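Step one of this worksheet: look at the structure below.
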Amino acid sequence: KEDKQEESLDTQSTAKKEPEKDKTKSKKRWSKTAKLEGALAEKEGEFQEMKDKFLRLMAEFENFKKRMFKESLEIRKTAAKNVMLDLLPVLDDFDRAKQAADDEKSPEYFSEGIALVYEKFKTTLHNRGLEAINPTGEAFNPEEHEAITKIPAPDATSKGQIIDTIEKGYKLNDAIIRHPKVVVAD
């Protein structure tokens, strides 16, 4: 009987010790789990931060591509600007020669060949986006016209109007590259 009693005491004392061990193990597990959850939360935060940086970089890159595309279009549109500006005096001389030849009092004749070259030249420039601005009769606008001189208005309705165009202006792809030089009624 004593052996049985000792065994039962041992079992009872072991049973009391086991819950204490289980509690200690459980605390360690919870502690470990809490640490792992904390580390996981930290890594998820880092992941979200990296994801946010990635998305911002992608958006920035897309904006860069769009900006470069627009700039390249603008460069293409105005690439011929300097060439056009250099050719404008030639076109002006053609205009003056043609006007002089068209005048019935003038002894000069504008040959058909030169007239064909003139028309071809104008057509080529027009196809490249060049448009003449001849504002005679329009209201003067200082942003679009360059006033060379002012003369007294022949009547009250023509005040502020462009009476004569001394030199035509030109647009290249809807952008003014040379303002027309005009005479304004005052």
Side-chain angles (χ1 to χ4, degrees), residues 1-92 120-135 138-148 160-162 165 167-182 184:
K1 268 186 172 179
E2 286 179 25
D3 286 338
K4 287 184 183 181
Q5 282 180 347
E6 281 180 30
E7 274 183 40
S8 84
L9 285 175
D10 284 340
T11 311
Q12 287 175 359
S13 68
T14 309
K16 287 181 182 177
K17 288 181 185 174
E18 285 181 356
E20 288 176 9
K21 284 182 184 178
D22 285 345
K23 285 181 185 178
T24 308
K25 285 183 182 179
S26 178
K27 284 182 184 178
K28 286 181 182 178
R29 281 189 205 143
W30 282 109
S31 173
K32 216 175 198 182
T33 304
K35 285 180 186 178
L36 288 174
E37 286 176 349
L40 179 63
E42 183 181 325
K43 293 299 179 188
E44 284 177 345
E46 288 176 12
F47 171 76
Q48 288 301 327
E49 187 179 319
M50 292 297 209
K51 183 180 175 184
D52 184 51
K53 283 182 182 179
F54 173 76
L55 291 174
R56 288 178 190 273
L57 281 173
M58 288 301 293
E60 195 174 312
F61 181 68
E62 286 300 318
N63 290 338
F64 172 78
K65 284 187 344 186
K66 288 176 187 175
R67 191 172 53 248
M68 288 295 110
F69 180 72
K70 285 179 184 177
E71 286 178 9
S72 69
L73 285 179
E74 285 300 314
I75 288 171
R76 287 181 193 152
K77 280 184 179 179
T78 58
K81 181 179 178 179
N82 291 335
V83 173
M84 293 293 183
L85 284 171
D86 290 343
L87 291 175
L88 291 179
V90 176
L91 186 60
D92 292 336
K120 186 175 184 179
F121 184 64
K122 275 180 49 177
T123 302
T124 302
L125 292 177
H126 180 74
N127 291 342
R128 295 288 179 177
L130 188 72
E131 293 178 45
I133 304 171
N134 192 357
E138 295 179 9
F140 176 73
N141 180 349
E143 292 181 16
E144 294 179 5
H145 311 116
E146 183 180 336
I148 298 297
Q161 298 289 321
I162 297 171
T165 302
E167 188 175 79
K168 284 192 265 182
Y170 289 92
K171 289 182 180 182
L172 180 62
N173 298 319
D174 295 326
I176 297 174
I177 60 171
R178 185 173 83 181
H179 296 278
K181 295 178 181 172
V182 297
V184 181

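Everything numeric in this text was worked out from a predicted model, so none of it was measured. Basis for what follows: all heavy atoms, side chains included, without hydrogens, waters or symmetry-related copies.
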**Prompt:** Rounded to the nearest 0.5 Å, how far does OG1 of Thr33 lie from CG of Leu40?
**Reply:**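 Leu40 CG to Thr33 OG1: 12.0 Å, rounded to 0.5 Å.
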**Prompt:** Distance from Lys66 atom NZ to Phe61 atom CZ, nearest 0.5 Å?
**Reply:** 12.0 Å
**Message:** Given Lys181, which partner from the list Glu146, Lys168, His145 fulfils the side chain to side chain contact (heavy atoms under 4.5 Å, CB included) test?
**Reply:** Glu146
**Message:** Within a 6.0 Å radius of atom CE on Met68, are there more than 12 heavy atoms belonging to other residues, nucleotides or ligands?
**Reply:**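 Atom CE in Met68 is crowded, with more than 12 foreign heavy atoms closer than 6.0 Å.
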**Prompt:** Within a reach of under 6.0 Å around CD of Gln48, are more than 12 heavy atoms found that belong to other residues, nucleotides or ligands?
**Reply:**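 Counting other residues, nucleotides and ligands, CD of Gln48 exceeds 12 neighbours.
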**Prompt:** In chain order, what residues pass the side chain to side chain donor-acceptor pair (under 3.5 Å) check against Lys120, with sequence neighbours excluded?
**Reply:** none
**Complete:** Those residues at least two apart in sequence (or on a different chain) that pass side chain to side chain donor-acceptor pair (under 3.5 Å) with Arg56 are Asp52
**Asked** If every non-hydrogen atom of Ala139 is compared with every non-hydrogen atom of Ile162, which pair is closest and at what distance?
**Response** O-CD1, 4.2 Å
**Item:** Inter- and intrachain pairs under side-chain hydrogen bond (donor to acceptor under 3.5 Å, both in side chains), touching residues 169-179, at least two apart
**Value:**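 Residue pairs with at least one partner in residues 169-179: Asp92-Arg178.
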**Item:** Counterpart residues, salt bridge (Lys or Arg N to Asp or Glu O under 4.0 Å), relative to Glu49 (two or more places apart)
**Value:** Lys53
**Prompt:** Do any pairs count as a salt bridge (charged side-chain N to carboxylate O under 4.0 Å, His left out) and have a residue in residues 33-45, sequence neighbours left out, and if so which ones?
**Reply:** Lys43-Glu46
Distance-only donor-acceptor pairs under 3.5 Å for side chains of residues 126-135, two or more places apart:
residue: His126; atom: ND1; partner: Leu130; partner atom: O; Å: 3.4
residue: Asn127; atom: ND2; partner: Thr123; partner atom: O; Å: 3.4
residue: Asn134; atom: OD1; partner: Thr136; partner atom: OG1; Å: 3.3
residue: Asn134; atom: OD1; partner: Thr165; partner atom: OG1; Å: 3.1

